[in-house]
Amino acid sequence: MEPQLLHTVADGIATVVISHPAKRNAMTVPMWRELPPLLGRLAEDPAVRVLVLTGEGEAFCAGADISSLRAPEGEAGEDPQALAVRAEEALAAFPKPTLAAVRGHCVGGGCQLAAACDLRFAEEGALFGVPPARLGIVYPASSTRRLSSLVGPATAKYLLFSAELIGTERALRTGLVDEVLPAGELAERVVEFARVLVSRSRLTQAAAKEFASGRTDRAAYWAEQARSSGETAEGVAAFLERREPRFGWSFHG
């Protein structure tokens with residue numbers, strides 16, 4: 001099977017699958033190039049409320065396909081690292097909640113993509129690492145800052161300086177993952193949690209995502225959206241009436 005990105009949309013949940021099982025789902029240059037426009041289409045799809053990123057089979061993503069790094073430039077004169085950063089930034093900028101479902105190896109570019117998601121759930125036995133020090137590659141500045149913000153400077157330096165892999169226990173302790181599930185329970189838990197996110201206020205989620213990323217210039221915009229949307233009134237009414245809320249706000253950019 002050719003390396004590819006697969007995707008489905010069902011019940012408000014878009015699932016993007018990194019599919020290159022012959023190489024533990026390593027990302028090829030065409031796959032890096034394909035991810036941003038795919039994310040753009042899913043972001044604009046009103047049927048999509050939550051995005052789940054995962055890998056086919058028993059691995060999440062083993063990073064970049066090393067064969068694509070043999071030459072200084074990738075296909076069509078494009079730098080593979082620049083393509084990876086572009087894909088990472090597109091994932092980080094996705095306006096709806098994103099969740100990485102991790103099994104097996106989550107290394108290099110795979111860890112880069114997982115870190116760009118809002119949340120990361122992992123199956124016991126998953127392995128995380130950032131291996132540029134094995135290859136003499138300078139890890140991108142934006143990716144380094146994102147990793148450091150997620151796990152703290154000390155753990156980021158440990159991963160980047162050593163290129164060592166860490167397991168789920170340490171990943172959970174350092175904040176690299178949010179939940180660790182026993183073998184065989186990851187998929188069910190991810191769907192369960194994604195459905196919880198689908199049921200919640202998109203207004204709350206969109207504003208929280210911007211604020212958490214450090215953006216503060218739209219505070220007035222979000223305050224106006226809260227006043228005009230009726231979300232709070234619906235949430236309070238649903239609570240008092242002991243029913244599920246029917247939130248209606250949708251993302252318009």
*Is there a side-chain contact between L176 and L150 (heavy atoms, below 4.5 Å)?*
yes
*What are the two closest heavy atoms between D178 and L119, and how far apart are they?*
OD2-CA, 3.3 Å
*Give a yes or no answer on whether the side chain of D65 reaches the backbone of A26 with a donor-acceptor pair at less than 3.5 Å.*
no
*asked:* Taking atom CD as the centre, does E241 end up with more than 12 heavy-atom neighbours from other residues, nucleotides or ligands that are less than 6.0 angstrom away?
replied: yes
*Are R243 and E234 close enough for a salt bridge, meaning some N to O gap below 4.0 Å?*
yes
_Flag, side chain of K209 to backbone of P95, donor-acceptor distance under 3.5 Å_ = no
*Taking side chain as C-beta onward, heavy atoms only, is V16 less than 4.5 Å from L42?*
yes
*Nearest 0.5 Å please: distance from the CD atom of Q4 over to the CD1 atom of I18.*
12.5 Å
_Approximate separation, where rounding is to 0.5 Å, of S199 OG and R246 CZ_ = 13.5 Å
*asked:* Using side-chain heavy atoms (C-beta onward) and a distance below 4.5 Å, is V191 in contact with D11?
replied: no
*Only one of T15, L181, V52 passes side chain to side chain contact (heavy atoms under 4.5 Å, CB included) with V190; say which it is.*
V52
*How far apart are the closest heavy atoms of L127 and G167, and which atoms are they?*
CD2-CA, 4.2 Å
*Answer yes or no: is there an ion pair linking E89 with R86, defined by an N-O contact shorter than 4.0 Å?*
no
*Checking side-chain hydrogen bond (donor to acceptor under 3.5 Å, both in side chains) for the pair E88/S143: CA distance, chi angles, key distance, verdict?*
CA-CA 8 Å; E88 175 193 359; S143 306; 2.5 Å; yes
*Distance-minimising heavy-atom pair for S142 and V85*: OG-CG1, 3.7 Å
*Below 4.5 Å, heavy atoms only, C-beta onward: do L203 and F247 meet side chain to side chain?*
no
_Joint cluster assignment, V48 & V50, ILVMFWY side-chain distance < 4.5 Å_ = no
*Would you kindly confirm whether V17 and I13 end up in one hydrophobic cluster when ILVMFWY residues are joined by side chain heavy atoms under 4.5 Å apart?*
no
_In the structure I gave you, are the side-chain heavy atoms of H105 and N25 within less than 4.5 Å of one another anywhere?_
no
*Roughly how far, to the nearest 0.5 Å, is the OH atom of Y158 from the OG1 atom of T174?*
10.5 Å
*Straight-line distance of E34 CD to T28 OG1, nearest 0.5 Å*: 8.5 Å
_Pair E164 + R134: basic N to acidic O under 4.0 Å_ = yes
*E192/R195 under salt bridge (Lys or Arg N to Asp or Glu O under 4.0 Å): CA gap, chis, key distance, verdict*: CA-CA 5 Å; E192 173 190 53; R195 286 174 176 163; over 6 Å; no
_Working note: L53 + T98, criterion side chain to side chain contact (heavy atoms under 4.5 Å, CB included); need CA distance, chi angles, decisive distance, verdict._
CA-CA 7 Å; L53 179 67; T98 56; over 6 Å; no
_Check: A156 main-chain N/O paired with S148 side-chain donor or acceptor under 3.5 Å_ = no
_Do L51 and L91 have side chains that approach each other closer than 4.5 Å (heavy atoms only, starting at C-beta)?_
yes
*Does R120 make a cation-pi contact with F60 (under 6.0 Å, within 45 degrees of the axis)?*
no
*Counting N and O atoms only, with roles assigned by atom type, does the side chain of E58 sit under 3.5 Å from a partner on the main chain of R103, one being a donor and the other an acceptor?*
no
*Treat each ILVMFWY residue as a node, draw an edge where side-chain heavy atoms are under 4.5 Å apart, and state whether F121 and L197 are in one component.*
yes
*If we only count heavy atoms from C-beta on, is the L35 to L113 side-chain gap below 4.5 Å?*
yes
*Between CG of L39 and NE2 of H7, what distance do you get to the nearest 0.5 Å?*
10.5 Å
*Looking at side-chain heavy atoms only, is the closest gap between T204 and E231 below 4.5 Å?*
no
*Are E224 and R227 ion-paired here, with the side-chain N under 4.0 Å from a carboxylate O?*
yes
*How far apart are the closest heavy atoms of K96 and R49, and which atoms are they?*
CB-O, 3.6 Å
*Taking all non-hydrogen atoms of both residues, which atom of A122 and which atom of F128 are closest, and how far apart?*
CB-CZ, 3.9 Å
*Quick one: do M27 and Y139 end up in the same hydrophobic cluster if we chain Ile, Leu, Val, Met, Phe, Trp and Tyr together by side-chain heavy atoms under 4.5 Å apart?*
yes
*If you take all heavy atoms of A43 and F94, which pair is closest and at what distance?*
N-CE1, 3.5 Å
*What about Y221 and F211, same hydrophobic cluster or not, with Ile/Leu/Val/Met/Phe/Trp/Tyr joined at side-chain heavy-atom distances under 4.5 Å?*
yes
*asked:* What's the separation between atom CZ in R170 and atom CG in L159, rounded to the nearest 0.5 Å?
replied: 7.0 Å
_Strictly distance-based, threshold 3.5 Å: is any side-chain N or O of R202 a donor or acceptor partner for the main-chain N or O of W249?_
yes
